[in-house]
Undergrad: 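Could you have a look at this structure, given as C-alpha cells, before my questions?
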Amino acid sequence: MLQNVVALMSLIVFLPAVAALVLCVLPRGRENIIKLVAMMVTVVVFAATVWIAIPAHTVQRSSEEPGPVAVSVSPTPGRFELGNPHMQNVVRLPWIPAFGIEYFLGIDGISFPLVILTSFLSMLAMAASWTIDRHVKAYCVLFLLLETGMLGVFMALDFFLFYVFWEVMLLPMYFLIGIWGGPRREYAAVKFFLFTLVGGVLMLIALLMLYFSSDLSKLSQQQRAACHIDQPLVVSLTADRTPQPVHTFNMLALAEMGQMPDSPFDRPLLWDKSVGWWAFVLLFIGFIIKLPAVPLHTWLPDAHVEAPTPISMILAGVLLKMGGYGLMRICYPVCPAAAYELAWLVCAVGVLSMVYGALAAMAQKDFKRLVAYSSVSHMGYVLLGLGVWSATAATQFNTTAWKMGMSGALFQMIAHGLSSAGMFFMVGVIYDRVHHRDLDQFGGLFHKMPVYSGLSVGIFFAALGLPGLCGFVGEFLVVLAAWNYHKALAVVAASVVILTAGYILWTIQRVYLGPHYKGPHGEQLTPITAREVAIAAPLLALAIIFGVYPKALLDYMTPTVNHTVQRLAEWTERLHR
Amino acid sequence: MSLPDLVQNALHDALHRSLPAIRPELALCTTIVCLLLAQMILPRWRSGPYWVTLVGAAAALAVLEPWQWLDVPAAERLEIFTGMLVVDGLSVFLRSLLLVFLLLFVLLVWITAVPPRDDAGELFVLVVGATLGMCMMASANHLVMVVLGMEMASLPCYVLAGILRFRKPSTEAALKFALFGAGAAGIMLYGLSLLAGVLGSLHLPTLATQLALLMHSGPTAEQSLLLTLGSLMLAVGLAFKLSAVPFHFWAPDVFEGAPAEVGALLSVASKTAALGLLVRLVLAVTAPAVMAPAATADIGPAADSFPQQTTADADVAGQGSGAPAAIVNSNAARPTAILPDALAPVRRFIVGLLSLLAVVTCTFGNLAAYGQSNMKRLLAYSTIAHAGYLIMPVAAAVALTGGIAPDAPASGGVAVGNASPGQTAEADGPALGHSGDVQTIGERLAPRRIAGAAPASAAQMAVASVLFYLAVYLFMNLAAFSITAVLRNAIGSERIDDYAGLVRRWPSLVVCTALAMFSLVGLPPLAGFLAKFYIFSAVVKAELWLLLAVGGLNTVLSLFYYLRVVRAMVLPPAPNDQSLPETAARRIGRLYCIGVTIPLVALFFWSETLMQWAARAAAGTF
C-alpha cells in the first residue's frame, strides 16, 4: 500500500520530466504527435491529482471537544482525507545521507489546492500552446520540465529538495520566454532569471543558516514522529563527549524547532539579530521577489508581456503562488519570532503592492501589461492576509481573524490563479487575431466575438472581486482580518477594490464595448474557436463555483490553516506570558 | 649506529616502504620512457603515443588503487622517503583526480587531433611529465618537494602553452607564461628560505611544530616580520599556480593562445594540484592535531621529544640521506595540539589572507569575464573566478580548526558519523525525555566512542567540500573546454558570436554546453550546484559571512556571462543556415562531449560515494 503512495506521488512529480526525456529522443518533424504526447502527460497528471482530491473519508475532528475522535483507516490510501490537518501521502526516502537530505514529499491543506491548481493550469496552458509553431519539440520538453519543477515545489517537504525544484524551474522558464517570447524577449528573460536567481541565492543562504542551527535531538520522540522521522535518531559525540547536533532539512522539523520554547534559531547571529530573524528576512526577500511585491516586482511586467500566452498563464497562475506558498510553509512556521516582530513590514509591503499595482495598472496602455500589474495588486492581498498577526496589543489572542486572514490569503492565491490565467489567455486570444495589444485601439468586440466577450467579461469580473465570483471571497476574508489588526490598513485595502473596479471596468469599456473596432486587422476578428472555449470555459466555471460555494475549496484548506494558526497563536501566547 | 647500518636502514626503507607507495609515479615514469622509445623504435606507428599514454595512465590509476584507500573510514598516513613525501587520503584522492583527468585528456586529444600527428609523442611526454609533477605536489610533505613538484609541473606547461609553434599568439603566451612562472617561482623560493630560516626546518610537520612553539613563546618582531614576509611570498607562488588575482595575468593570454585542450589541462589538473598543495600547507600549519586525542595527554613528553626530531630533520634537510627511520614517525606526537591558542594569530592571518584572495579573485574573475568575446578567454576568467570559490572553503577549514566558530571541533559529524556505526548510537528509547535525553545519549555513548575513531570535524567537512568541488570541477571544465575544441574543429572559430544559431545545426552539443555552463553557475539539478552548496555550507559553518555574501553575489554575477554563451547558441538566428554534415570526427567528438557531461547530471543524483570518498580523504589529513 505504501508503495502505491510512493508511486503515485512520484508519478505526479516526475512523469512530466520523464516524458520530456522521451520527447528528446523522438524525431523532429512530427509536431502534432509531440504536442499530443505532452498534452496527454498533463492530462494524466491532472487526473492523478483529481483522483487524490476525491474525498476518501471524512474524519470528524473538532478542536473544541477533546476526547477520542472517530478515526478510521482511509479505505484507499492516497486519497486526500478531508478534515485531517496533517501531512498526507508522505513519501520519505534517503537521498544524500551526508547532509541528511531526503526525497520527502507530502501534501496537506495548504499545498494540495496549489498542486491541483498547478496540474489544472498546466493542462490548460498546454492546450493553449497549440498555436506554437516554432521549435515545437523543444517547447514541449521545456514545458514539461517546468511542470515537474512547479509540482515539486508544492509537494517537497525537505527544504533542500524544495530549493532544488525552485531553481529547476528557472532554466525552462528562461528559454520559454527567451525563445518563444515577444520582441523584447531576451531582455525580459534575463531579467526574470536574474531576479529569481537573486531570490534563490538569498534562500540558499537562509537554508544553510537554518540547517546548521537546527538540532533534531532537541525534539521529543513524539515531535519527531509528527515530522515523519520515525527511524531512531543517530547522535555522535565529540572529543569532549558533548553530543553533536543532528542537523536537518525536514521542513516540518524545522517548524517544530522554530516554535519550541527554547528554539535553536534564537541564537544571536549578527548585529544582535538571531538566526531566525536573518533567515526570515532573507527568505522574505526571496519569496516576495517571486510573489512579487513592490518594490521587487519590476521583472514581472516585462516577463509577462514578452512571454507567449501559455507561459504567461503559467507565470501568473502558478509561479507567483510559489512566493506566497513559501511564506506560508517556511517563513511563518519556522521563524515565528521574526514574523511577529516584522508583521507590520509584511502588511505594509502588502498594502503598498495593492495600491501601487492598481494605480500602475490604471496607467497602462498595453493590455497584457495591465493584467500583469493587476497581478501585483492582487498578490498584495496575499501578503496582507498572511501578515495579520493575532496578538493585538499583546492582550487579545483572537485567532479567528488570523485564521480568516490566512484562509483568505490561500483562497486569494487559488482565485487569482484562475482569474489571472484566464485574463492572460483572453488577451492571448485577441492578440492571436489582431497582433496588437494597444488598449486604445480596441472597441466593439462584443459585436464581432460575442461568446469570447462574454467569457472575458466574466473572468474580468472574477478578478475584480464581484460578489458571487471567486475573487470576492479571498479579498473579503483578508480585509476582515486586516480590520482586526489595524483599521487603517483595512480601510486602504478595501478602497483598493474601487481602484480595481476602476481599471477593470475601464478596460472592459475600451475593449469590448463601444460602437466599432478601431485598430488594425479588423477583418481577422473571427469568432472564438472550440479549443479556445474549452480552455476559457472551465476557468470561468470554476470562478463561479468557488464564488458561489467557496466551501468546496475551504473544506480542503481550513483544517490545515486552522492547525497552523493555532500553533502560531500558542507560540504568541507563550511569548507574552 | 654505524654508517653501514644507516645506509642499510635507508635502503630498506626506500625499497620496501617508499617505492611501493609511489607506484603510480613509477608507472608514469615508465610511460614517459616508453613514449620516447616508441618514437625512436616505431616512428611510423602514428597512434602509438596515444595507446602508450592511455595504457600508462590506466596502469597508474590501477596501481594507485583509490578504491581500496578510500574504502576504509580513515586512510593511514604514511610518510615515505624519510618524510619527503606523504601518502594519505588527500594525496590519493588528488592523484586519482589527476590520473582520471589524464585518461580523459588523452582521449580528447586523440579525438580532436590537436597536435599534428607527428608531434603527439612530444605532447604526451610533456603532459605525463606535468602530471608527474602534479602528483608530487599532491603528496609533498617537505618544502623542497613543494618546489620540485611545482617546477616539474610548471615547466612542461610552459612548453605546452606554445605547442602550436607556428602560431604567433601561442608562442607569445608561452613566453609570458614562462616569465611569470619563473618570477613567481623565484619569489616563492625566497619566501620558503625565509620560513625555513626562522623555523629551522623544511619538513612540514616539524615546521608546524616549530611554529607552534615559537608562537607559544612569543616571537620577536623580526621573526614575525620574516614569517609574514615568507608566507606572503609563498602565497605568491601558490596564487600564480591557482591563477588567483593579482597573479592571474598570464591566464587569459595563455588560455587564448594555447589550444583549448591545453587550457583544460591548465585549468583542471594544474589547479587541482595547486589547491591540494594549498590545503596541505595551511592545514599542516594550523591544524596539526585535531584528530589526535592521544597528544592531549601530557605536555611533558611531547615537548621533550621535540628537539630530537628537529635535529633529525635538520639531517634530512641538510644531507637528504642517512636519516634514521625514526623520522618517519615524527608526526606521531605533535605537540602543537597542546598549544591551540598559540596558533590563533597564525590562523587569523591565514584566514584573512585567504579570504581576501578569495574575495578579490572571485569578484574580479567574474567581472572581467563579462566583457570577453572569445570563448577560451571567457573560460580563462571563469577559471580564475572558480579559483576564488575554491579558496573559500580552505579559509573556512582553517577558521574551523581553531575554534573561531562556537562549536568548531564538535559539529558537522553527520557526514561521517552516520557512515560508521562504531562511533554512533541510537537514541530511540521511548523513555527519553524532551531535552533531557541528550545527556543520556552522551553517557551511553561514551565508552563506544573512545573505542572507535573520533567523529568528523567541521574542518574535515570543509576540506571534503574542496575535494568534492575539485572532482565536479574536473568534469565541468573538461566539458566546457572539450566543447570549445570540438566546435573549433567543426566551425573553425572560438568566438562566441560565431556560435550563433548552433542550436539548429547541432542541438545535442548545445544541450551539453548549456549543462556545462549552468553547472558552472551552480544551478540544480547539476553537480555544480551540489559542489557549490557543499562549499557554501563550509563557509556558513565557519561563519565567514563576508565570504558567503561575496560568494552569493558572484553566483549571480557569473550567471550573465555563462548565460551569454548559451544565449548566443540558442536565441539569435543562424547567419547562414547551413547544416553541419555528420562526419565521423564530429560524431565521435559529440559523443565525447556527451560522455563528459553525463557525470554533471549523474553526480547530482548519485553523489553519495563521491562525498564519502572526499570525506574520508579529508579525514586522513588531520
Side-chain angles (χ1 to χ4, degrees), chain A residues 24 28 95-100 135 138 160 163-168 170-171 174-175 178-179 185-186 189-190 193-194 197-198 200-202 204-205 208-209 211-212 215 217-223 231-247 260 262 267 269-270, chain B residues 293 296 407 409-415 417-419 423-428 430 432-435 437-439 441-442 445-446 449 454-455 457 503 507 514 518 521 523-525 529-530 533 536-537 540-541 543 545 548-549 552-553 555-556 559-560 563 567 570-571 605 607-608 611-612 615:
Chain A
C24 274
R28 256 189 287 188
W95 178 23
I96 305 178
F99 282 89
H135 319 310
F160 185 89
Y163 181 81
V164 167
F165 281 126
W166 180 282
E167 296 278 294
V168 161
L170 268 178
L171 294 181
Y174 168 78
F175 288 113
I179 299 177
R185 54 181 178 254
E186 288 185 26
V190 168
F193 205 150
L194 180 67
L197 189 67
V198 169
V201 168
L202 295 181
L204 180 65
I205 293 174
L208 285 168
M209 287 188 336
Y211 174 75
F212 281 111
D215 186 359
S217 56
K218 288 196 172 175
L219 296 178
S220 71
Q221 212 203 347
Q222 287 84 356
Q223 280 172 315
Q231 78 267 49
L233 196 62
V234 178
V235 179
S236 37
L237 292 189
T238 55
D240 50 352
R241 293 198 191 175
T242 47
Q244 295 194 15
V246 182
H247 302 314
M260 62 193 252
D262 186 19
R267 185 168 64 87
L269 187 75
L270 199 62
Chain B
T296 50
D407 53 349
S411 43
V414 189
N418 277 349
Q423 50 187 284
T424 55
E426 299 168 351
D428 55 328
L432 293 180
H434 173 194
S435 57
D437 53 351
V438 170
Q439 284 318 99
I441 304 164
L445 267 182
R449 190 206 67 77
S457 73
V503 69
F518 290 125
V521 180
L523 289 177
F529 165 71
L530 217 52
F533 171 80
F536 278 7
S537 69
V540 169
K541 190 72 214 169
E543 309 205 336
W545 301 119
L548 185 67
L553 187 71
T555 303
V556 177
L559 171 73
F560 280 109
L563 196 58
R567 200 203 66 97
V570 174
L571 297 189
F605 291 102
S607 57
E608 197 188 335
M611 271 194 182
Q612 222 167 50

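Throughout, a chain's letter reflects where its sequence line sits, starting with A, and its residues are numbered from 1.
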Undergrad: Given heavy-atom pairs under 4.5 angstrom as the criterion, report whether the side chain, backbone, both or neither of B:Thr555 touches chain A.
TA: both
Undergrad: Is chain A contacted by the side chain of B:Phe536, its backbone, both, or neither, given a heavy-atom distance below 4.5 Å?
TA: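 Answer is both: backbone and side chain atoms of B:Phe536 are under 4.5 Å from chain A.
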Undergrad: Output yes when a side-chain donor or acceptor of A:Tyr163 lies under 3.5 Å from a complementary backbone atom of A:Gly200, and no otherwise.
TA: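 Answer holds: yes.
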Undergrad: Heavy-atom pairs under 4.5 Å with chain A - which of B:Val521, B:Val570, B:Val556 has more of them than the others?
TA: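 Ranked by contacts with chain A, first place is B:Val556.
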Undergrad: Hey, could you give me the CZ/CZ distance between B:Phe560 and A:Phe193, rounded to the nearest 0.5 Å?
TA: 10.5 Å
Undergrad: I need the B:Arg567 CZ to A:Tyr174 OH distance, nearest 0.5 Å.
TA: 6.5 Å
Undergrad: Can you tell which part of A:Leu202 gets under 4.5 Å to a heavy atom of chain B, answering side chain, backbone, both or neither?
TA: neither
Undergrad: Looking at every non-hydrogen atom in both residues, tell me the closest pair between B:Gly552 and A:Val201 and how far apart they are.
TA: CA-CG1, 3.5 Å
Undergrad: Chain B heavy atoms under 4.5 Å from A:Leu204: which part of the residue, side chain, backbone, both or neither?
TA: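 Side chain only.
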Undergrad: Should the ring pair B:Phe533 and A:Phe160 be called parallel, tilted or perpendicular, given that the plane angle runs from 0 to 90° and is split at 30 and 60?
TA: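 It falls in the perpendicular class, over 60°.
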Undergrad: Side chain, backbone, both or neither: which part of A:Leu194 has an atom under 4.5 Å from a heavy atom of chain B?
TA: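 Its backbone and side chain both get close to chain B.
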